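Everything below concerns the one structure shown next.
Since this is a predicted model, take the numbers as computed values, not measurements. Reminder, nothing fancy here: chain letters follow the sequence lines and each chain counts from 1.
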2 protein chains.
Amino acid sequence: MPIWAYDGAMARAATTSDAFNAIAEPQRREILVLLRGGERPVTDLARDLGMTQPQASKHLRVLREVGLVRVRGAGRQRLYGLDARGLRPVHEWLGGFERFWSGSFDRLDEYVQELKQAKQEGPHDGDDQ
Amino acid sequence: MPIWAYDGAMARAATTSDAFNAIAEPQRREILVLLRGGERPVTDLARDLGMTQPQASKHLRVLREVGLVRVRGAGRQRLYGLDARGLRPVHEWLGGFERFWSGSFDRLDEYVQELKQAKQEGPHDGDDQ
DNA sequence: TTGACACATGCCGATATGGGCATACGATGG
DNA sequence: CCATCGTATGCCCATATCGGCATGTGTCAA
């Protein structure tokens, strides 16, 4: 069966599919944080994060595939550097929820009601709870 | 062998472990977005997102376990509401990278160098590339 | 050229995911 | 009390993940 014709059970979205998935991994996040301090070779990162070199390489591969990291060959080393541009959309998506956590949670519903009223929009349904 | 004594190969972090993992799922993100418009019952969400009811329930379960969503029984319906507080830490973590995407990427390294110089920090290694 | 060093990759194993489907559960209405 | 609606769960499957380990690849030094 050709894989491309198969639309049945798919497991989980690939971790390399997007930044959201890439940063879901704690170790990968730590790598990104470290990289904020400048380019570093694989072994360096592995040591600092207490993981094996292959592990570091694999995580870096993922980060590279989603474009959060770039590589630069420096002699026999491979310097990994941060490319945070891919994090921006994620940050912005989360920003869309900012007003929902800045207000008191208990009054969230009221707030939503206010919004609805103010914008006079409620296109998709007629439910009036 | 007792499972609890096993520290060998562990697959991936549970999707219910934290908000980072919870929002890694596109459908789950869509649910959160919808919920921004106010409380909604499961079936409603499922219909709007074009997924089956069990699926919606499962995703909502995950979101509930990480505290991004709360439930309220309303008659024989279960109204799901957004609780975005858990998104705040994520947003803040990403905020730590803001300055890395606002500047020109090509000058990122220089920028990092400036930072290093300015803060006079470079404690962990002696590599001087 | 050979050896050493820095990484990348391949393979195996255990896990948990997400989808489909059937069904159990809980509350309401008749 | 029973039928029904609205949800939650359980089970099966295929997948891909992440960890460990061994090994392949590329670069520099002697």
Side-chain angles (χ1 to χ4, degrees), chain A residues 1-18 20-31 39-47 49-66 69 71-80 127 129, chain B residues 1-18 20-31 39-47 49-66 69 71-80 127 129:
Chain A
M1 169 199 317
I3 50 148
W4 46 263
Y6 185 72
D7 67 331
M10 283 223 289
R12 174 193 244 166
T15 182
T16 69
S17 53
D18 56 38
F20 280 98
N21 280 285
I23 67 172
E25 241 289 337
Q27 308 234 61
R28 237 128 50 191
R29 261 172 305 192
E30 293 185 54
I31 288 182
E39 297 182 322
R40 312 260 315 258
V42 180
T43 312
D44 239 59
L45 294 168
R47 181 169 40 68
L49 296 177
M51 55 174 138
T52 68
Q53 173 268 308
Q55 286 241 343
S57 282
K58 285 173 186 174
H59 281 310
L60 285 166
R61 189 198 215 300
V62 172
L63 291 172
R64 217 176 18 180
E65 293 190 7
V66 299
V69 143
V71 216
R72 179 167 70 90
R76 62 186 172 191
Q77 290 199 315
R78 307 255 296 163
L79 271 344
Y80 279 87
D127 56 14
Q129 69 262 320
Chain B
M1 171 200 312
I3 51 146
W4 46 263
Y6 185 71
D7 67 332
M10 283 223 289
R12 173 192 246 165
T15 184
T16 68
S17 53
D18 56 36
F20 280 98
N21 281 286
I23 66 172
E25 242 288 338
Q27 309 233 62
R28 238 128 49 191
R29 266 180 310 222
E30 293 185 54
I31 289 182
E39 297 183 321
R40 313 257 318 257
V42 180
T43 312
D44 240 60
L45 294 168
R47 181 169 40 70
L49 295 178
M51 56 174 136
T52 67
Q53 173 268 310
Q55 286 239 344
S57 281
K58 284 173 186 172
H59 281 310
L60 285 166
R61 188 197 216 302
V62 172
L63 291 172
R64 216 177 21 182
E65 291 190 8
V66 300
V69 142
V71 215
R72 181 167 69 89
R76 62 186 170 190
Q77 289 199 315
R78 308 256 295 163
L79 272 341
Y80 279 86
D127 56 14
Q129 66 260 289

[N], OP1 or OP2 - any side-chain N/O from [X] closer than 4.0 Å?
{"X": "His59(B)", "N": "dT17(C)", "result": "no"}
{"X": "Gln55(A)", "N": "dC18(D)", "result": "no"}
{"X": "Arg61(B)", "N": "dT9(D)", "result": "yes"}
{"X": "Tyr80(A)", "N": "dA6(C)", "result": "no"}
{"X": "Arg78(B)", "N": "dG26(C)", "result": "no"}

Check the distance between [N]'s [atom2] and [X]'s [atom1] and give it to me in whole angstrom.
{"X": "Arg29(A)", "N": "dC18(D)", "atom1": "CZ", "atom2": "P", "value": "12 Å"}
{"X": "Leu63(B)", "N": "dA8(D)", "atom1": "CG", "atom2": "P", "value": "12 Å"}
{"X": "Leu60(A)", "N": "dT9(C)", "atom1": "CG", "atom2": "P", "value": "11 Å"}
{"X": "Ile31(B)", "N": "dT7(D)", "atom1": "CD1", "atom2": "P", "value": "13 Å"}
{"X": "Arg64(B)", "N": "dT7(D)", "atom1": "CZ", "atom2": "P", "value": "12 Å"}
{"X": "Glu25(B)", "N": "dA16(C)", "atom1": "CD", "atom2": "C1'", "value": "13 Å"}
{"X": "Glu65(B)", "N": "dA16(C)", "atom1": "CD", "atom2": "P", "value": "13 Å"}
{"X": "Asn21(B)", "N": "dT15(C)", "atom1": "CG", "atom2": "C1'", "value": "14 Å"}

If you compare all heavy atoms of Val42(B) against all heavy atoms of Ser57(B), which two are closest, and at what distance to 0.1 Å? CG1-OG, 3.6 Å
So which atom in Ile23(A) and which in Phe20(B) form the shortest heavy-atom distance, rounded to 0.1 Å? O-CD2, 3.6 Å
Should Arg64(A) and Arg61(A) be marked as a side-chain contact (heavy atoms from CB on, under 4.5 Å) after you check the CA-CA gap, both sets of side-chain angles, and the distance that decides it? CA-CA 5 Å; Arg64(A) 217 176 18 180; Arg61(A) 189 198 215 300; 3.9 Å; yes
Could you please name the option among [options] that lies closest to any side-chain atom of [X]?
{"X": "Pro41(B)", "options": "dC21(C), dT7(D), dA27(C)", "value": "dT7(D)"}
{"X": "Arg76(B)", "options": "dA22(C), dG26(C), dG19(C)", "value": "dG26(C)"}
{"X": "Ser57(A)", "options": "dC7(C), dA6(C), dG18(C)", "value": "dC7(C)"}
{"X": "Val42(A)", "options": "dC7(C), dT9(C), dA8(D)", "value": "dC7(C)"}
{"X": "Lys58(B)", "options": "dC21(D), dC18(D), dC21(C)", "value": "dC21(C)"}
{"X": "Gln77(A)", "options": "dA8(C), dG19(C), dA6(C)", "value": "dA6(C)"}

Is it the case that dA8(C) (base atoms only) and Gln53(A) (side chain only) share a donor and an acceptor within less than 3.5 Å, ignoring hydrogens and angles? yes
Working to the nearest 0.5 angstrom, can you tell me the gap between Leu60(B) CG and Ile31(B) CD1? 4.5 Å
Would a distance-only check, ignoring hydrogens and angles, find a side-chain to backbone donor-acceptor pair under 3.5 Å from Gln77(B) to Leu79(B)? no
Donor-acceptor contact below 3.5 Å, side chain Arg28(A) vs main chain Ala22(A): yes
When the nearest nucleotide of DNA chain D is assigned to Thr52(A) and to Ala74(A) on a heavy-atom basis, which residue is associated with the more 5' position? Thr52(A)
